[in-house]
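We name chains A, B, ... by the order of the sequence lines, and we start the count at 1 in each one. All of these numbers come straight from a predicted model, not from anything done at the bench. Only this structure's heavy atoms are used, side chains among them; waters, hydrogens and symmetry mates stay out.
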Amino acid sequence: MSENLTASVTGDFDARLQAWFDERGWRLFDFQREAREAYLAGESGLIHSPTGSGKSLAAWLGPLAEAAGGADGGLRVLWITPLRALAVDTRQNLAEAAAALGSDWRVEVRSGDTSQSVRARQRRRPPEALVTTPESLSVLLSYADGASWFRRLACVVVDEWHELLGTKRGVQLELCLARLRGIAPGLRTWGLSATLANLAEARDVLLGPGADGRLVRGQAPKSVSIRSVLPDTLERFPWAGHLGIRLLPAVVEAIESKGSTLLFTNTRSQAELWFQGLVDARPDWVGRIALHHGSIDRKLRARIEDGLRAGELRCVVCTSSLDLGVDFSPVDQVMQVGSPKGVARLLQRAGRSGHQPGAVSEVLCVPTHAFELVEIAAARRAAEQGRIEARRPLVRSLDVLAQHLVTVALGGGFEAEPMRAEVSRTHAFAGLSDAEWGWVMDFVTRGGQALQGYPQYRRVEGVDGRYRVTDRGIGQRHRMGIGTIASDTAMNIRWLTGGSLGTIEESFVSRLERGDRFLFAGRLVELAQVRDMTAWVRRAKKGKRTVPRWQGGRMPLSTELADCVLEVLAAAGSGADESAEVTAVAGLLELQRRWSRLPVPDELLVEFTRSREGVSLFCYPFAGRLVHEGLATLLAWRLSRQTPATFTLSANDYGLELLCREEPAIDEERLAALFAPGDLEADLLACMNTSEIARRRFRDIARIAGLVFQGYPGRGKSTRQIQASSGLIFDVLERYDSDNLLLDQARREVLESQLEARRMRETLAAIGGKRIVIERPERLTPLAFPLWAERLQSQIMSSETWRDRVERMAASLERAAERRRKSA
DNA sequence: GACCTGCTGCGGGATG
């Protein structure tokens, strides 16, 4: 099938390719050659390699051979990337490569940033290669002439596939790829992915069930060095806490020692505080330190990225906003404040330094409390052993399917049976039942059971067996709503004097009064007024301030990392781990061992501790925060069914606490029964406020499925309105259409994503195989202390402040430890 | 000077 292609790859082309490589001092790696050969043989597949190792180039070599044939009209190569900023960089690289090889191909970008006139021209005369996002691809497929656009498509490349896999954006792309394969038979699909535990699955999902594909292994993973900033004396280092600002002097020193540093933090407010801390410590760095996170204005972020590229910045404090994208000239140093939460995430961040082939990536971790040192040692262990997290693909996301069906109905229409067949050629919908398919079709044509009276929900019309969107208004509104990313509950924040600062949570602003000062984008500002969904601010002088809080995801510690933490603790107990972190934290671990015991993989440690508030049950399954929250609720519920009692709950990544006035009558045997899986889902539904959580979840589903319209750009409906209308629909459906599959999906998503029911089940099963050990320490152990502090923080304090109490408790524990040391 | 968790990503176009 690729004879033409092979013929066009003449010796001349290969010579030019070689010359182009030589010019840059690059060498053609075996895996790049392998990808190219596979491409020329008509294969599809997935290329796996760490960042900055030339995998983009590997994917481009095949299509470049197409380019050597010259432009003969029509779109031949489509490059999908999850980030608009990456699209711009990619276009630049590809255009240069094509030109250097003597091709007259046009390489263009199309995304939300593309101007209307360019879009119009692109539709009239498509470029030979287009770099775009999954959403823009979907929009392209919604045009009536979309199919003719893609008819000659030879290759689609999906960059950063690991970022899309496991998300609804990935599901949407799966559907679009199936569509493209229907339009352009013989289309090759190539994906690019960073390291994942389930690479083969990632390839299969990309190519669709049953399709054959190659897995090209790139260069061996770069070696990564994970080190820690160690506190001078661990005696004074907090047992709990999240900010880590105590280590500021050491961090300043580390930044000083290198040319440029990326300082990753876990939250936006943490980034704000660290930025402020650095500026206060080193006023001479002003202008050469920058702050980068998701709430900061895009233009400002772009300027910072440019500054980083140009090597003008000494340090950028950021969140995951800089995990991806912007092909930096490498920074000299990467630092991570607080728990990295996962191995893959830490490796990805480490990869931002030492871009040269063969160079070592380095990351310097900054612990925010003592046990995080163990976590860092665990991350190193996991990285060395290649224990990287998997990303599980989503299935049966009916909201995405509904959106896609309207898109295709708009883009020239479809017939039911062929469409169903096409949809089942995706991994996400391979197992779609007749009932589900029937339901989604009914939903897009009639609005389903409850909404059939409303014409705006009759979006797709079937005439003579062909389904189309005939109403222009419906079509226009649908295009505006394409995509699966739920909009933030955000307000704009602007200077009174003009100029945008970024976005801020509506809920945060609503708590402020006029004249209140807060820290935003690294500046102290004062709220002047709120109107038109915008918070207007002016510069403020020093004074009382608040740090904005943004609503974000709550990342639990990954299973891989949590398992490694347990192993490191066990190794530390037997003296088998001699890492700097474990050595530094040895005294604390010894305290834990003496006062109670160290948790080990084949035991579940349960501690009963008496305090003036009552009796606390602490236990440490090391299964991540979300699971522990669910588990705490489940245990309390199961316990109170036997003996009525009130519990106060607390959870973190390592364990959970149940506080009760009286000590519940519990022994090992009863505990084991409480931890039995039983009918987990039914119990969870009974004891958690799942219906309220599902209601909130439904907001996104309703938007994706097209049940609520987000409003026209610039005249955005406030999120409260969206929440109100989706809430209304939720109630109507629950009452009059309780079989609605979108409700069902909302409940399913709550169980799976929000409560991590699957991981909870695995945790309970694992506990079933462990020996339960009860200890009754006289005081809070190092492991219990953060849980205790966490609970206090969430309770309303009497006259004392949280910090007072934490410090007093810490002091008394320290005294106790001191006494022990002396008597020993 | 005390205060203090919770990430990221996308998206329209006919008419004047």
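- In this structure, NE2 in A/His478 is found 6.5 Å from OG in A/Ser138, a value given to the nearest 0.5 Å.
- Considering only side-chain atoms of A/Met480, the nucleotide from B/dT8, B/dG12, B/dG6 that sits closest is B/dG12.
- Proximity note for A/Arg169 (side chain, C-beta onward) versus B/dC10, B/dG13, B/dC7: the nearest is B/dC10.
- Here the C1' atom of nucleotide B/dC4 and the CG atom of A/Leu248 are 16 Å apart, to the nearest Å.
- Pairs passing the salt bridge (charged side-chain N to carboxylate O under 4.0 Å, His left out) check and including a residue from residues 291-301 of chain A, sequence neighbours excluded, read A/Asp113-A/Arg298.
- At a cut-off of 3.5 angstrom, the base of B/dG6 holds at least one donor-acceptor pair with the side chain of A/Arg625.
- One can find a donor-acceptor pair under 3.5 Å joining the base of B/dC7 and the side-chain atoms of A/Ser320.
- Salt bridge annotation for A/Asp700-A/Lys168: absent, with no cationic side-chain nitrogen under 4.0 angstrom from a carboxylate oxygen.
- Whole-Å rounding puts the A/Leu322 CG to B/dG9 P distance at 9 Å.
- At B/dG6, one or more side-chain N or O atoms of A/Ser269 fall inside 4.0 Å of OP1 or OP2 (strictly under the cut-off).
- Residue A/Leu273 is the one, among A/Leu273 and A/Arg345, whose nearest nucleotide of DNA chain B lies closer to the 5' end (criterion: closest heavy atom).
- Comparing B/dT8, B/dC10, B/dG11 against the side chain of A/Ser136 picks out B/dG11 as the nearest.
- Within 4.0 Å (heavy atoms only), A/Ser111 reaches sugar-phosphate atoms of the nucleic acid but no base atom.
- Comparing B/dG11, B/dG9, B/dG12 by their nearest atom to the side chain of A/Arg703 picks out B/dG11.
- Regarding contacts with the backbone of B/dG6, every side-chain N or O of A/Arg268 stays at 4.0 angstrom or more from both OP1 and OP2.
- Between A/Ile485 atom CD1 and B/dC10 atom C1' the separation is 4 Å, expressed in whole Å.
- Here A/Thr319 reaches the OP1 or OP2 of B/dT8: one of its side-chain N or O atoms lies under 4.0 Å away.
- Comparing B/dC7, B/dC10, B/dG13 against the side chain of A/Thr133 picks out B/dC10 as the nearest.
- Rounded to a whole Å, the CD1 atom of A/Ile474 is 16 Å from the C1' atom of B/dG12.
- Side-chain N or O atoms of A/Trp149 include none that pairs as donor or acceptor with a backbone N or O of A/Pro126 at under 3.5 Å.
- The nearest whole Å value for the distance from the NZ atom in A/Lys168 to the P atom in B/dG9 is 19 Å.
- The base of B/dA14 is paired with the side chain of A/Gln116 by a donor and an acceptor separated by under 3.5 Å.
- The distance between atom CG of A/Asn652 and atom P of B/dG6, rounded to the nearest whole Å, is 16 Å.
- Candidate nucleotides B/dG13, B/dG9, B/dG11 were compared by shortest atom distance to the side chain of A/Leu83, and B/dG9 ranks first.
- Partners of A/Arg303 according to the salt bridge (charged side-chain N to carboxylate O under 4.0 Å, His left out) rule, which considers only residues two or more places apart in sequence or in another chain, do not exist here.
- Heavy atoms of A/Tyr143 sit under 4.0 angstrom from primed sugar atoms or phosphate atoms, though from no base atom.
- The shortest distance between the side-chain N/O atoms of A/Arg84 and the OP1/OP2 oxygens of B/dC10 is below 4.0 Å.
- A/Glu108 pairs with exactly one of A/Arg123, A/Arg121, A/Arg91 by the salt bridge (Lys or Arg N to Asp or Glu O under 4.0 Å) rule, that one being A/Arg121.
- Under 4.0 Å is where a charged nitrogen must lie from a carboxylate oxygen, and between A/Glu272 and A/Arg268 no such pair does.
- Within 4.0 Å of A/Lys341, counting heavy atoms only, lies at least one base atom of the nucleic acid.
- Phosphate proximity of B/dG9 to A/Arg301: present, with a side-chain N or O under 4.0 Å from OP1 or OP2.
- What separates CZ of A/Phe518 from C1' of B/dC3 is a distance of 16 Å, to the nearest Å.
- Between the CG atom of A/Asp145 and the P atom of B/dA14 there is a distance of 10 Å, rounded to whole Å.
- Residue contacts for A/Arg349: at a heavy-atom cut-off of 4.0 Å it reaches no nucleic acid atom on any strand shown.
- Map A/Arg472 and A/Asn266 each onto its nearest nucleotide of DNA chain B; the residue landing nearer the 5' end is A/Asn266.
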